[in-house]
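If you read the sequence from its start, that first residue is 1, and numbering goes on from there. Given the structure is predicted, the values throughout are model-derived calculations rather than measurements.
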Amino acid sequence: MKKFLITAVLAMIFAYATAQDNTYWVFFTDKNDTCFDPYSYFDAKAIARYRQCGADLYDISNHPVNKTYVNTVSDYCSEVLGESRWLNAVGVDATADNAALIAQLPFVAKVQQISSEWVEASAVTTDEVVEIDSDGLLTDQVRRFGGEYFLAKGIDGKGMRVCVLDGGFPGVDTHPAFKHIRDDGRIVATYNFPNKKEDVYGWSTHGTMVLSCIAGINADGQKMGLATGAEFLLARTEIEAEPFKEEIWWEMGAEWADKNGANVINSSLGYGKQRYWTKDMDGQSYVAKAANKAVEKGILICCSAGNEGDDRHWMTIVTPSDAENVICVGGINDDLDRYRHISFSSYGPSADKRLKPNVVAFGHAQVAAPSGGYTEADGTSFASPLTAGFAACAWQTRCDLTALQMKEEIEKSCDLYPYFDYAFGYGVPQAAYFTGDIEEKEPLFNLVQEKDGVRIVFKEVKKDQYVFISVEGDDGVLLGYYQTEPKVKGIILKNRDLGQGKKLNVSYCGHYATCPVSGNGEEICLFTDEENSHNGTMPDIRHENRQTSFYLRDDIIFPTDTWNVSNHFTFGLRWLYGKGYKLGFGLGLDFSNFIAKDPLPEVTYANSRKTTMKNTQLRLELMQRVEIIRSCLMWDLGAYGGINCTRKTRLVEKVKWYDENGNQTHPYNEKVITNLRGCKNMNLFEYGINTRLYYTFLGQINLGVSGTYRLSDVITKKDPILGLPDNNPSPWSAGIELELLF
């Protein structure tokens, strides 16, 4: 029976890893026997956009996929998730064996498993509704763009159509922040791709908060987003507990936005470290290809950079923000005076060393709470829609430009341009660039080349204004960059500290200067002591799928006829390998305390008797970890084995002494009857199975419940105190566990 149980556990681990349904793209060889009429398929605004950007309405990518192909493939699948015209593919759920059969069909070009897990580029919100101070008609998050220039000229995104791809929009149909949009009938279309219906006003609150950063108006009449006059398409493409399907729905959402005349798409969603490697963030994922295709068809796309800035193993952005033609948006602190990177915002570059992020905006924002009030939230999820609202207004001023031209103009409008680095991109876009209100100011610094380096000489040092410095190599890729405070005596940059750098770039108070340098060191040394400094190296890919943790567990051992409630206390380290699905092992020490139920001995002086057995065990466990709800709820299943290092058994009697007349003569005292040490009466080895269910807090703390079933005996031969082997404690135990990731 015990051998069967341990075999069954190992079989379950193997079966889960190999026999479950996976999600695939199935790509077809052609679109034979398909018909397409763009004038019945596309919205009038989509047709106008195609003509304006010169895209071909009859392009083969717009033709539908062959329905006969789809129907044949469906016979091998548990579910057909959706079709993509642009990729000429269908998304399916199928087993690995059936996927192999699909790949052999004559009209199938290839079958590609989708290896991704969504991140809402995350939203961390306060629980309570907050009061917002009224100061003019703009909140700080849009004032940072110079939004007053748009406001003064009545530019609010009118005539532009913005599509939001997200996880749900509860309250958008009732919240006062969106009343102006509803009253004008400017929610043009909605679609829920996971549920295949039009209702999107439920599910994740993330989309509601995101939309408020594009076009919301708070209780004081202040704009939380700049595009309050735009039209909207709302698409639900994400769900809470499904790790593989969202890229299919994202791609379908982009095609739906194209069909319905979107000018701008905001995607505060990303797919990154849970399933991909950093090397994959090169713009070649299928969702990135879909994003680039949308831009070709005239749609401007803003995507969150991601919230992995604190993860030293993921020093890059997430897809589809890695796509060449997408505006990748990073985050800065919500401060109108101090220009600082916000800690969680992901750093660039892309895996192939392209500039990412492209721009930045506030990563802490005021948002509409789906409950009906207003709150605050953190995440590049909100930097992206703030920028999307800006983009809609900017495009309103130059509606003759294509999406790609508009992207370039937005970059040029930024307050650091043409300086760039991998924390800030080109900086924060500025409305004054599009309204013609840019004022020329006298430069406040000069670069002076000296014999052994470059000196930055400041004509004036301003409070709370930082200097941005980067060093380029021969190929234009940054070797390092940092941000620091100016010094009255200037800043000296020595050639020996500049690595192999060939060009120095400096930005200060809206002015930019550059000069060649002759760096001759092996590494960038200049940046090592600065708070916001980074070199251009990517993380070691070998560590991207490794998770190390320290754990503490306290279990109770269930009672039996001969044993009271007892307990285990265990601590140790674990190492897990993998992305969304992990395999790993742990090493720890287990301290057990068993308490026997002893009858009163047949002596008149004894009042109570207690037998205890203490054991220390060196324990090794093998385990699998599955994310039930992504980055939130996890389940472990595994087997363990241990070596019993020490054992101590004690029989203690609490006694009360009486005289011959039955009168007490002495107070209570304890008498140790037997004290055995060693493991001679105990199995040297112990083994069993265990399971855990965790909830994750702050991305680094797992708290959960655990259960263990011991397959081996604790006692194997006659014990002078505890008796025969059938006196073993219960094999069942359960308790709580705390795991700290690092």
Side-chain angles (χ1 to χ4, degrees), residues 9 13 17 117 119 122 124 272-275 277-278 307-315 343-344 539-557 566-593 614-646 685-710 733-742:
V9 170
I13 294 174
E117 180 136 343
V119 180
S122 268
V124 179
K273 67 180 182 180
Q274 294 294 331
R275 294 283 175 181
W277 305 98
T278 51
N307 291 341
E308 286 69 47
D310 295 321
D311 187 343
R312 68 183 185 277
H313 297 319
W314 189 268
M315 295 300 292
S343 63
F344 54 74
D540 186 343
I541 194 171
R542 293 172 299 176
H543 300 299
E544 289 178 30
N545 68 334
R546 187 177 73 191
Q547 184 180 86
T548 306
S549 64
F550 172 76
Y551 69 92
L552 294 167
R553 183 171 70 246
D554 192 17
D555 289 352
I556 61 167
I557 304 168
S566 306
N567 75 289
H568 289 294
F569 178 77
T570 310
F571 69 88
L573 296 173
R574 292 196 183 104
W575 296 266
L576 293 105
Y577 297 83
K579 292 291 186 177
Y581 174 83
K582 296 179 174 65
L583 293 173
F585 67 95
L587 188 64
L589 283 176
D590 178 87
F591 301 91
S592 302
N593 182 38
K614 297 181 183 294
N615 179 54
T616 304
Q617 180 186 114
L618 180 64
R619 178 173 290 192
L620 174 69
E621 65 173 322
L622 302 176
M623 54 182 289
Q624 68 168 1
R625 177 165 292 177
V626 180
E627 293 190 5
I628 299 174
I629 299 177
R630 59 180 63 85
S631 303
C632 182
L633 188 65
M634 293 175 294
W635 173 57
D636 289 356
L637 178 66
Y640 76 90
I643 299 176
N644 293 313
C645 305
T646 65
F685 299 104
E686 180 180 326
Y687 55 90
I689 59 178
N690 51 30
T691 187
R692 286 174 292 273
L693 190 65
Y694 281 132
Y695 191 84
T696 302
F697 298 90
L698 304 177
Q700 299 293 118
I701 302 172
N702 293 333
L703 182 63
V705 294
S706 63
T708 301
Y709 182 77
R710 189 185 71 254
S733 63
I736 59 173
E737 181 166 316
L738 175 68
E739 184 179 58
L740 304 176
L741 307 179
F742 57 90

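Note that CG of L693 is 12.0 Å distant from CG of L637, once rounded to the nearest 0.5 Å. If you take CG on L552 and CG on L738, they are separated by 6.0 Å, rounding to the nearest 0.5 Å.
Under the side-chain contact (heavy atoms from CB on, under 4.5 Å) criterion, S566 pairs with I557, F594, I595, not counting sequence neighbours. Not counting sequence neighbours, the partners of R574 by the side chain to side chain donor-acceptor pair (under 3.5 Å) test are E621, Y694, E737, E739. Not counting sequence neighbours, the partners of Y695 by the ring-ring contact (aromatic ring centres under 6.0 Å, His included) test are F697. Judged as a side-chain contact (heavy atoms from CB on, under 4.5 Å), and not counting sequence neighbours, the contacts of S343 are D310. Judged as a side chain to side chain donor-acceptor pair (under 3.5 Å), and not counting sequence neighbours, the contacts of T691 are W635. S733 is linked by a side chain to side chain donor-acceptor pair (under 3.5 Å) to nothing, counting only residues two or more places apart in sequence or in another chain. Here F571 pairs with nothing under the ring-ring contact (aromatic ring centres under 6.0 Å, His included) rule; sequence neighbours left out. With sequence neighbours left out, T570 forms a side chain to side chain donor-acceptor pair (under 3.5 Å) with D590. In this structure, the salt bridge (charged side-chain N to carboxylate O under 4.0 Å, His left out) partners of D636, at least two apart in sequence or on a different chain, are R625, R692.
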Review point. For D555 and S706, what are the C-alpha separation, side-chain angles and deciding distance, and is it a side-chain hydrogen bond (donor to acceptor under 3.5 Å, both in side chains)?
Key: CA-CA 8 Å; D555 289 352; S706 63; 3.1 Å; yes
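Counting all heavy atoms, side chain and backbone alike, L618 lies closest to C645 at N-SG, 3.7 Å.
Checked by atom type, the side-chain pair Y577/Q547 shows no donor-acceptor distance below 3.5 Å.
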